[in-house]
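Nothing here was measured: the structure is a model prediction, and the numbers come from that model. Residues: numbered from 1 along the sequence shown.
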Amino acid sequence: MAKKIAETPMMKQYMEFKAKHPDAILLFRVGDFYETFSDDAIAAAEILGITLTKRANGSAMHVELAGFPHHALDTYLPKLVRAGRRVAICDQLEDPKLTKKLVKRGITELVTPGVVLGDNVLRSKENNYLAAVWLSSDGAMGSVSLLDISTGEFVVSEGTPEHLEKLLSSYQPKEVLVERTSRSLFDKVIGYRGFIFEVEDWSFAVENNRRKLTAHFGVQSLKGFGLEQRPASIAAAGAILNYLELTSHHEIGHITTLRSIDRLSYMRLDSFTFRSLEILSPMNREEGKSLLDIIDHTQTAMGGRLLRHWLSFPLIDLTEIHRRQSVVTDLVRTADLRRTTSELLIGIGDLERMASKAVVGRISPREVRQLATSLGQVEQIGSLLASSDSAELQKIASRLQPMGELISDIEHTLTEEPPAALGRGITIAPGVNSELDELRRLSSHGKEYLLELQRRESERTGIPSLKVSYNNVFGYYIEVRSTHNDKVPEDWTRKQTLANAERYIFPELKEYEEKILGAEERIASLEGRLYSELLVRLSRFVRPLQQDARVIAELDCLSSLAEVAVTERYACPVVDDGFVIDIRAGRHPVIEKQLPFGQSYVPNDVHLDNEETQIMVITGPNMSGKSALLRQTALIVLLAQIGSFVPAEAAHLGLTDGIFTRVGASDNISRGESTFMVEMQEASSILNALTPRSLVLFDELGRGTSTYDGISIAWAIIEYLHDNPHGRPKTLFATHYHELNDLEGRLERVKNYNVSAREIDGRMLFLRKLVRGGSEHSFGIQVARLGGMPRSITDRATDILGQLESAHIHEVTGLSAEVNVSRAATPSVTEPSSKITGGVQMSFFQLDDPVLSDIRERLLMVDINSLTPLEALNKLSEIQRLLKTP
């Protein structure tokens, strides 16, 4: 609970603002410092690493205090926001020197993690989204809207909680708004664990939000956005605008459209697949890299943000995939054009964010000048592409908007090197305003003017010691020694008498004083007005600016894909509407870049289809490369469907509508879910969402339970994938269960492969080559030896392994026979299958019995080839006595 603060006049004022924003850290401007008090001070001191002090507060009470200089706001504000804190900035609205009362203050900005405009907080190649999530009362359906206020991008979508979670995982909003009464439901059905802020339920009221949206976009209905009959989307989108109003963000003219995301327009990637494939970020940021890290050669911030979006939402539109491929191909073939385009892109600033900042009045003079320079670069790119031989590049050039008028206006209005902030230097160019030019002449040539006036008046009066001076009390004056009083002209007026001199003023000097004293203030006022007028004119170009930003971002992405294709030897894949995945000499795009010096990645072929090789069961030891093979197949498919070339010698890929993975082990302790439970939930989600165009990757499914349970589950899942009545999803199934190799003989579209490895003199050699046929050994003990396991343990493990394999071979055979019988009796996966019996966990204690070990050793010492019948009977009798001995 917040501590009560003694109410001095200033603290009373503070408490009034704090009451309006109780959940925000209030930065309260006091003189040259931003101060925080009480609980805010404790939090700020911890986050910012600044000193926490206490002071008396007009009574016996004391209050915690922490602050920093006002000019350091850009240093400290980002730290507070990135710590997930909302920050209310309370500034002085009048000059303390001009008032004898309490200084007037007001909240000038409320900064939250999702509503940020400052470059000091934003990351250039990442969007900063605010999300709003609405859920139905049962949590079965919902909607999500997302806004990046720094760019004006505004989107909305509806669907199941799984779809909403995927969008949140892809967009990674910095702040998520939910109804206060729906918070527990949100936590239950959606797994996103970012910064959540609860708002009142009225923020999601449909009819109120419909009016707010139509008013903002200046339309009579939402039909043009496809939302007229979608109340869930209206609720979520309107909640965003309500929040902007709540946080005092009223200048939002750069939010010009609302786009609806159709979940069926993009490849399906669930949140787990998205993370496990390490598309945007590696699981271990310190050591690894993501796919984005490898292929991002973009030169602009806009291009970097768009490439993230492309990777998050691969296409299933063949026409658009082929268009992107065509542009990349043209850029790959024309090295000079690609190089020149890249050089021009480097000189282009963040058009999206500069346009947005211009509308809200937060753009600096230097940024406006950079905007003009950037638009000049855009014009050069347009001319370059228009003159190329590529029809697709010419189309890109035709989409660029002419900006000559805006460029000319900026260059005419601003100086060549304007300051980073208004008032810190000369902003408006000479010749723009005659009064401003005259004031500057007065300000800059004042000393010369006064010296000239002094020389002229000295000659006119014959007073050689006459001098012009200034002080704060009398202003400008002429000082004359008393010995020359008889030479003082009649038009001079005495202002002050000194012991040995007199001070005078006259009309010309008084007129100059009035001009010079007001010049600086008038210059600042005029520059501010002229600059504001420029921003108003600039704001009229916000739509064409956003259009150019989109075109340049797209060109930057395509240029980046062309660059990586050349430097990394990627090939252009054939993508069609077939059902074949045929990859020749495919490579993992990330792993091949992280291998130690001197090592090269071993490429592999993968062929999957819906008729002959629908399911590949891949066996092989740990560290052999099974997981890498699965992931590289998925990444190659994904790259192809964003229009990129792929890391392979060749690839023919039928359109894939969804990639599903169950790779790696994890648990969810907070929900009371074990590793195996999470594994089964994720596998169930995959099996319930399959289509004939799905690509499924299972890696070591079933390891979280007993051996026979795991084998049984894996076996049944492969059967289900093979006989799925909804289609035949192409599947890579990596496993250590060699028993699954038997499925090739039972299921016509299952094929066995293994990632080859050899044991030579007790040492493992990983060939990492995918070859036909199943593997009979996991080489787990050899891998343990490579991992540094003590020799005594690995030797003992070898001994136990031999006992397990010999003693239980009949149980495995029995299992295989029973499964075969069960399958023969179960022609359809929709019918209940027979229960597999005999799946008992193997016991190490029974197999390690000393008597059995002794018998084993005696039998191994027998030379069967030279054994006579009598000796055989004697040996059998000896074994019998050992077994009968109590």
Side-chain angles (χ1 to χ4, degrees), residues 82 113-114 116 119 121-131 144 146-155 157 165-176 192 194 259 261 263 265-283 285 288-316 320-321 324 328 345 348-353 356 546 549-565 589-590 593 634-635 637-646 659:
R82 286 172 185 160
V116 179
D119 292 336
V121 181
L122 297 170
R123 290 185 170 91
S124 63
K125 285 194 173 184
E126 293 183 24
N127 285 99
N128 197 94
Y129 290 108
L130 167 70
V144 60
L146 297 119
L147 169 73
D148 183 347
I149 194 174
S150 72
T151 66
E153 182 185 359
F154 195 13
V155 298
S157 187
E165 183 177 348
K166 164 58 175 62
L167 289 176
L168 293 176
S169 296
S170 299
Y171 279 92
Q172 288 291 305
K174 298 298 187 293
E175 184 175 7
V176 180
Y192 189 73
R259 181 170 57 89
I261 299 176
R263 56 182 172 166
S265 299
Y266 302 98
M267 177 192 289
R268 183 172 178 179
L269 294 169
D270 60 42
S271 56
F272 180 82
T273 298
F274 196 73
R275 291 191 301 271
S276 66
L277 291 179
E278 300 179 299
I279 294 171
L280 297 185
S281 59
M283 294 185 181
R285 171 55 72 180
K289 289 188 175 182
S290 67
L291 179 63
L292 176 65
D293 293 328
I294 299 302
I295 70 167
D296 186 2
H297 290 245
T298 56
Q299 304 294 344
T300 70
M302 303 166 293
R305 293 194 295 268
L306 183 61
L307 186 58
R308 293 175 68 91
H309 182 79
W310 282 8
L311 286 172
S312 301
F313 298 94
L315 300 169
I316 57 173
E320 179 61 15
I321 292 172
R324 290 183 188 176
V328 174
L345 287 169
I348 297 178
D350 197 336
L351 298 178
E352 271 185 322
R353 283 182 172 163
S356 299
Q546 289 175 335
R550 287 191 290 268
V551 175
I552 292 299
E554 178 187 317
L555 176 64
D556 196 10
C557 286
L558 295 170
S559 178
S560 174
L561 296 180
E563 185 64 26
V564 76
V590 181
K593 295 292 293 181
L635 293 179
V637 169
L638 186 149
L639 284 172
Q641 291 189 209
I642 71 169
S644 173
F645 285 21
V646 299
I659 298 177

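Not one N or O on the side chain of S559 forms a donor-acceptor pair closer than 3.5 Å with the backbone of L555. Looking at T298, its side chain never comes within 3.5 Å of a backbone N or O of S560 through a donor-acceptor pair. Of the possible polar contacts, none joining the N128 side chain to the D148 backbone as a donor-acceptor pair under 3.5 Å is found. The main-chain N or O of M283 is found under 3.5 Å from a side-chain atom of E278 such that the two form a donor-acceptor pair.
Residue pairs meeting the salt bridge (Lys or Arg N to Asp or Glu O under 4.0 Å) criterion with at least one partner in residues 294-303, sequence neighbours excluded, are K125-D296.
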Between R259 and E153, is the side-chain contact (heavy atoms from CB on, under 4.5 Å) condition met? List the steps. CA-CA 8 Å; R259 181 170 57 89; E153 182 185 359; 3.6 Å; yes

Would you please test V637 and M267 for side-chain contact (heavy atoms from CB on, under 4.5 Å) and show each step? CA-CA 10 Å; V637 169; M267 177 192 289; 4.1 Å; yes

Stepwise side-chain contact (heavy atoms from CB on, under 4.5 Å) test for L130 and I149: CA-CA 8 Å; L130 167 70; I149 194 174; over 6 Å; no

Check step by step if side-chain contact (heavy atoms from CB on, under 4.5 Å) holds for L639 and L291. CA-CA 9 Å; L639 284 172; L291 179 63; 4.2 Å; yes

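R324 meets the side chain to side chain contact (heavy atoms under 4.5 Å, CB included) test with W310, L315, E320, L558, I642; sequence neighbours excluded. For K166, the side-chain hydrogen bond (donor to acceptor under 3.5 Å, both in side chains) test picks out S170, with sequence neighbours left out. By the side chain to side chain contact (heavy atoms under 4.5 Å, CB included) test, A640 pairs with P573, V575, V646, L653, sequence neighbours left out. When the side-chain hydrogen bond (donor to acceptor under 3.5 Å, both in side chains) test is applied to S157, the partners found at least two apart in sequence or on another chain are H163. Under the rule for a salt bridge (Lys or Arg N to Asp or Glu O under 4.0 Å), D556 has no partner lying at least two apart in sequence or in another chain. Remark: S312 engages no residue in a side-chain hydrogen bond (donor to acceptor under 3.5 Å, both in side chains) (not counting sequence neighbours). Applying the salt bridge (Lys or Arg N to Asp or Glu O under 4.0 Å) criterion to R308, with sequence neighbours excluded, gives no partner residue. Remark: F313 engages Y171, Y266, H309 in a ring pair (Phe, Tyr, Trp, His ring centres under 6.0 Å) (not counting sequence neighbours). By the salt bridge (Lys or Arg N to Asp or Glu O under 4.0 Å) test, E175 pairs with R86, sequence neighbours left out. Considering only residues two or more places apart in sequence or on other chains, D270 meets the side-chain hydrogen bond (donor to acceptor under 3.5 Å, both in side chains) condition with T273. When the salt bridge (Lys or Arg N to Asp or Glu O under 4.0 Å) test is applied to E563, the partners found at least two apart in sequence or on another chain are R338.
Of the inter-residue distances, the one linking L280 atom CG with S290 atom OG reads 6.5 Å to the nearest 0.5 angstrom. For the atom pair OG1 of T151 and CG of D350, the computed distance is 8.5 Å after rounding to the nearest 0.5 Å. From F274, atom CZ reaches atom CD of Q172 across 7.5 Å, with rounding to the nearest 0.5 Å. One distance of note links CD1 of I348 with CD1 of I552; it measures 4.5 Å at 0.5 Å rounding. Considering CD1 of I321 and CD1 of I316, their distance stands at 8.5 Å, rounded to 0.5 Å. Atom CD of E554 is separated from atom CG of L306 by 7.5 Å, given to the nearest 0.5 angstrom.
Considering every non-hydrogen atom in both S169 and R275, the closest pair reads OG-NH1, 4.4 Å. Counting all heavy atoms, side chain and backbone alike, L277 lies closest to L635 at O-CD2, 4.0 Å.
Between R305 and E352 a salt bridge is recorded (basic side-chain N to carboxylate O distance below 4.0 Å).
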